[in-house]
Every structure is written in C-alpha cells, then in structure tokens.
Amino acid sequence: MAGLALGSTAAGAAQSIGRPGAVQLALQNAAALEVRSKSIMELQVFRNAQTATGPGGLRLRLVSTKPSTNAWFLLEVTQPGIGRDTYHLENTDPHHVTVGLTPGPNPALSLSVEGTEHLCRPWSGDDALAAARAEGLPYMPVCNGRLSLRNPASGARSNLERTAEFLRDNVSFGESLVGFVKSTLYKDKYLESGDVLDTDEAGRVAERLGRAQLADYPVMYTTMAFDLVGGSTDRMQMGAWYAVAGAPGIYASAMQPRMIHPDILNRRGEVNWLDGVESRADVYLVGFDMSQFEIGYEIGTEHPRLGWSSRPSGAGRNHRIPCPDGFNRPAPLAMTGMLNPAHANRAAATFTGGFKRDHGAFRFGPKATTNYGHHYGFVVHGTVLSRLHPDLATFYVLNDGTIGMKTWTEADNATLGDIRFARQNGVALIEDGTPGPLVTSWGGGNWSGSANADLRTLRAGACLKQEGDIPFLMYAWFSTATPSAMARTFQAYGCDYAMLLDMNALEHTYMALYTPDGQGGIDQRHLVSGMARIDARRRDGSRIPRFIGYPDNRDFFYLLRKEEDGT
C-alpha cells in the first residue's frame, strides 16, 4: 500500500480526534435543531475535525462523525489543479484502533494500535483512495486494511419489492393497490400450522433457559432449517429452547399461541382476542445469549429512505424542507447495504430491520400531526441518519456494547453521545412485561393492515429478556399474526420489552445463522426454509448469503461473535 509506514513514532506526534469542546458542541446542537434545509453532517452534533496542509498546497480535513464511537470518518483531500475529493472511511476495529491526522510538513493518517502508531498516506503515490473508489465495490481496504473505503452501492431487490415500489412511485392509487393485494392475495400466504405429534420424543432441551408459560407442552413439527443439538425440528416441544448445532450461544424455539397459559391468554383489556387462524399459526423463535455477541445495524442501499413519508398530513408536514431532518440523501456518506467484509469471519446471524420510510411514520392519531409524523429514527456507527423521536419503540446499542430496548423519551436525548446503533419502529408490543398501551389501536399504533383491525399477516419482532446477569435477545417469526398475538407470545416467553420489525413477505422477515464450514468459509441456515430462495445464486447454483455476500436494498441487524478480549 503506497504511503504506508509501519512502526512507532514520537509520543504526541499525532492525536486522535477528540470530542468537541463545550462551545462548539452547543453551536452544533443549535444548528442541528434549526428547521431548515441542511446537510447530513450538520445533524451530527458530536462531530469534530482535524486539518493539515502538505507539500504542493495539499490540504486535508479529517472529520469524525462521532469521536466517541470512533467508526465513521470523512476525509477531504484538496489538491491544487485537481480539486477536492471526499471519501467515507470506516474504522474496521473501532475498539482498538484510534484515528487521527498528523501535523507537520508531510501529514498522514495516524492509526494507533496498542501504543504503536501506523502512518498512512493513501492520497499520495499510486493514490490508493482513488483506485479503491474506481473499483466501485461497497468496501475497499485502505491503510493495510485498518480502514475501509465505503462506496455507494446498488442493492438487490426481489420482484415483489420491484413491483410494489413501481406501483407506489408511478401510479396515483398505487399504495391502495398494494394494500389490496396484501389483504387478499397475500393474506395468510405464509401461514404454517405444524401438526402436534403423538410422541413424547422432544429431544434434548436447553433447561437453563426455561420454557415459555404455556398451558401444555406438546411436541410439534416445524419447517425450520436449523440443526439442533440432541433433537430435530420435526420433534420440538412447544415453548422449550434447543441449542443450535455448531452455534454456541444460539437457541431455537417454536410454539402456537393457542397453547399460551390461560393466565396470560385470557387477561381482559390488554389485547384483542386471537382468532382461530392466528391461534394455530406457527411461531419460530431464535434466542441469543448476548454475553457472546455484539450486535450492529446497517441501512440498505435504498431503505429506509431519508425523505418524507406520504403518511403524515396537515401539521405533520413542512413542505419548506426536503425531509423532517432537513436533507433527503446521505451523501457524502455512502450506504453499502452489507456487512463490512472485515467482520464476515465473525458473523453469527443477520435479520431484516424495520419498516421502509414511507411506512415509517404515522397516518392516524396524535403522532401523525406532531414531530412531523414521528418518522422512525435510526443511527449507524454513532451517526444520526434520522433523528430519534420520543414515544417510539427503540432498539439501541451503546458505545460500550450494552444493548437495550425502550420507549424513547425527551430525556433520552441526553444519552445520544453514548449511542452507537439505534433503530425505531412504531410503538411497544411489550413494555415492562405487559402489552403496550397501543397494541389494540391500529391507527394509533401504526401497525399497518386493515382499518377493521382484522388483517393477519406474516410479521417479525424482537424482544429482550434478562436471564440472570445475561441479556437474552429473541427474534420471532410469526407465520401469520396480529400485534395482539405477537404481544401474547412475547409475554409467554417472559420478555421485558418487545417491538415489531417488519412484515408481509419472507424478504422482509428474513433471518439466517452462520457457522464455520471448516474450510475457511461459512455454512448458512435459515429460520424458514423458504428464505433460502431470497439469497443470490452463483453460476454453480450455490447461495451467496444476503447482507454478507452482496449489497441489499433493505436495512438489517447483524450479530458478530465477540473476540477473545470480549469485544
């Protein structure tokens, strides 16, 4: 790599980018809150920069979108006679590598690892940055792989998504037409109701995780594509947890809501009664012992978008600005729609994120006409791409790796300096162990579906449960359900907080696990066998893992196995 010098340099020769001072922070916060058109960088309250000049009039500016997260940087390179180029760089190891810009007559990027400083000048020599950009790949290693150049990418879409987006974007009544298709042709399309088997051979369950609160624990057949330790998916005891083979810390469970204990199922006033279809509809769950994983979040190449949702109206819109936060495109930041390949060897699981932008705001109720419709917010690597709004269900990850789910409040904005990842999606299904107050309000909860509150559909959700001193994350796939069935299921599994993710199609509720194949690659297993058809294919017919092997248009969560030092 041109311009790379390895080894120690004099102490204090370079410093990483620190937090902005109190005055600068106050000014940047005030500018971010102004109601006007602005750039995405103006929303980054905690941003800070270093500048340097070099030979021949070279000017450099390195901006950290959030120094405490130490992950995303913009490098501006200005050269006389050539102009200015801006590059979006990602620190591939933000827990251990600090990034800064050295002063002096020949400035360099300083990458400090455990007291040793590595200098890199990718704008000089054979111009590694320009060459990496010319490759056009979503991620290109620079500075000996310690940084990645993020390039904008075009993400994969299914035919279903292409058709739906064409109708919404090009037909005046396209949204109504898409809704009609979902409520007729696609209603209960993915319904699975596994037979209850006449056998007691349940296989070996993971006793330490306990069981869901059910009235009975019969054995059921499922179509999961996982291999289980001491059992198989055609002999799963409802409500029990099974260890997934080759995937330490990951467990699987299955149930049907009709088996939920009457003490939970028959409580009045919390949710709507479950009908006979969703009562017998299969629910598949995957649980993660989060002491063994770190979790991250990426937005897709297209979704969720940054502009206005079509849902808010009246006081919920402001036509003087291009979107609720003042900008409608991420540039100069690059959205890749896939996991950084530097982390692929640690990938344990991926699952699709939340609603698209157009559905990620309120059409009815008080939230539709306040805070610009309460567009769902999201934060990636500490960078606020869409502001987090109060009263919305929020999944978050702190800089120290702590994970949580909660209903966001105004007071929580004071913690934004500690947020590494966040995704909002509607309102709570479960809050403090009981159904959220808007589970039965279709408009007020923005659950999507029919105005008659009777539309069942394929849905996915997530919840957190504390198992002793270990946080336990559950991902649940409902073959057809209303929010009421989701809430009752999460209650039965003892969840402290639960939220909806996405719905209506397998590509929107996609979930896969990854295990080493013993040959330097990974084996992939899907929560539902039909999800395998969503992955891209090589010429030999083998699958390319979605979100890991190629860019996707949708946002997603990913789980990485922690390294030996716990990070």
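All of these numbers come straight from a predicted model, not from anything done at the bench.
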Worksheet item: By ring-ring contact (aromatic ring centres under 6.0 Å, His included), which residues pair with His88, not counting sequence neighbours?
Response: Trp72

Worksheet item: Is there a donor-acceptor pair under 3.5 Å between the side chain of Thr509 and the backbone N or O of Ala505?
Response: yes

Discussion item. Just checking Arg19: does its CZ atom have more than 12 heavy atoms from other residues, nucleotides or ligands closer to it than 6.0 angstrom?
Written reply: no

Discussion item. So that I can tick it off, tell me whether Asp502 and Lys356 are bridged by a salt bridge, with the cut-off set at under 4.0 angstrom between side-chain N and carboxylate O.
Written reply: no

Worksheet item: Is there a donor-acceptor contact under 3.5 Å linking the side chains of Asn504 and Thr457?
Response: yes

Discussion item. Quick test of your reading: applying salt bridge (Lys or Arg N to Asp or Glu O under 4.0 Å), list the pairs with at least one residue in residues 410-424, sequence neighbours left out, ordered by first then second residue.
Written reply: Lys406-Asp412, Arg423-Asp555

Worksheet item: Does any donor atom in the side chain of Asn399 or Thr69 lie under 3.5 Å from an acceptor atom in the other side chain?
Response: yes

Worksheet item: What about the rings of Phe288 and Phe351, do their centers lie closer together than 6.0 Å?
Response: no

Worksheet item: Among side-chain atoms of Tyr514 and Thr350, is any donor-acceptor pair under 3.5 angstrom?
Response: yes

Practice prompt. Taking all non-hydrogen atoms of both residues into account, name the closest pair between His508 and Arg554 and its distance.
Written response: CD2-NH1, 2.8 Å

Item to complete: Step through it carefully: locate the ring centre of Tyr510, locate the ring centre of Trp477, and say whether they are under 6.0 Å apart.
Response: no

Discussion item. Suppose we call two aromatic rings close when their centres sit under 6.0 Å apart. Are Phe557 and Phe395 close by that rule?
Written reply: yes

Worksheet item: Would you say the side chains of Asn340 and Tyr558 form a donor-acceptor pair under 3.5 Å?
Response: no

Worksheet entry | Pairing residues for Tyr396 by the ring-ring contact (aromatic ring centres under 6.0 Å, His included) criterion, not counting sequence neighbours | none

Worksheet entry | Verdict with supporting geometry, Asp535 and Arg546, salt bridge (charged side-chain N to carboxylate O under 4.0 Å, His left out) | CA-CA 5 Å; Asp535 294 336; Arg546 186 186 187 192; over 6 Å; no

Worksheet entry | Test item: Arg47 side-chain N/O and Met41 main-chain N/O as donor-acceptor pair under 3.5 Å | yes

Practice prompt. Could you tell me if the ring centre of Trp308 sits under 6.0 Å from that of His375?
Written response: yes

Worksheet item: Aromatic rings Phe355 and His359: how do their planes relate, parallel, tilted or perpendicular, breaks at 30° and 60°?
Response: perpendicular

Side chains of residues 133-141: which donor-acceptor partners sit under 3.5 Å, not counting sequence neighbours?
residue : atom : partner : partner atom : Å
Arg133  : NH2  : Thr86   : O            : 2.5
Tyr139  : OH   : Arg150  : NH1          : 3.2
Tyr139  : OH   : Thr336  : OG1          : 2.9
Tyr139  : OH   : Met338  : O            : 2.9

Worksheet item: Distance only, no hydrogens: is a donor on one side chain within 3.5 Å (strictly under) of an acceptor on the other, for His96 and Asp93?
Response: yes

Worksheet item: Looking only at atom types and distance, does a side-chain atom of Thr92 sit under 3.5 Å from a main-chain N or O of Arg146, one as donor and one as acceptor?
Response: yes

Worksheet item: Nearest 0.5 Å, what's the CD1-CE distance between Ile295 and Met290?
Response: 5.0 Å

Fill in: SB check Lys465 Asp496 (cutoff 4.0 Å)
no

Worksheet item: Less than 6.0 Å separating the ring centroids of Trp241 and Tyr493?
Response: yes

Discussion item. Checking Asn371 against Arg387: is there a side-chain donor and acceptor pair closer than 3.5 Å?
Written reply: no

Response to the item:
Smallest heavy-atom separation, Pro332 atom then Ile40 atom, equals CD-CG2, 4.2 Å

Discussion item. Regarding Thr394 and Gln424, do their side chains bring together a donor and an acceptor under 3.5 Å, going by distance alone?
Written reply: yes

Worksheet item: Given Arg346 and Glu294, is the salt bridge (charged side-chain N to carboxylate O under 4.0 Å, His left out) satisfied, shown in steps?
Response: CA-CA 10 Å; Arg346 294 197 291 131; Glu294 59 178 291; 3.0 Å; yes

Worksheet item: Roughly how far, to the nearest 0.5 Å, is OG1 of Thr223 from CG of Asp282?
Response: 7.0 Å

Worksheet item: Can any side-chain N or O of Lys38 pair as donor or acceptor with the backbone N or O of Glu34 at less than 3.5 Å?
Response: yes

Worksheet item: Can you list the residues that meet the ring-ring contact (aromatic ring centres under 6.0 Å, His included) rule with Phe362, with sequence neighbours excluded?
Response: none

Discussion item. Whether the Thr352 and Glu507 side chains hold a donor-acceptor pair (N or O, under 3.5 Å, no angle test) is what I'd like checked.
Written reply: no

Discussion item. Quick one about Thr407 and Glu431 (side-chain donor to acceptor, distance below 3.5 Å, no hydrogens or angles considered), yes or no?
Written reply: yes

Worksheet item: Is the closest basic N to carboxylate O distance between Arg36 and Glu42 below 4.0 Å?
Response: yes

Discussion item. With a sphere of 6.0 Å drawn around CZ of Arg537, does it hold more than 12 non-hydrogen atoms of other residues, nucleotides or ligands?
Written reply: yes

Worksheet entry | Side-chain donor-acceptor contact under 3.5 Å, Asn318 with Tyr372 | yes

Item to complete: For Ser386, check side chain to side chain contact (heavy atoms under 4.5 Å, CB included) against everything at least two apart and list the hits.
Response: Asp325, Arg357, Phe378

Worksheet entry | Donor-acceptor pair between Ser310 and Asp358 side chains, under 3.5 angstrom | yes

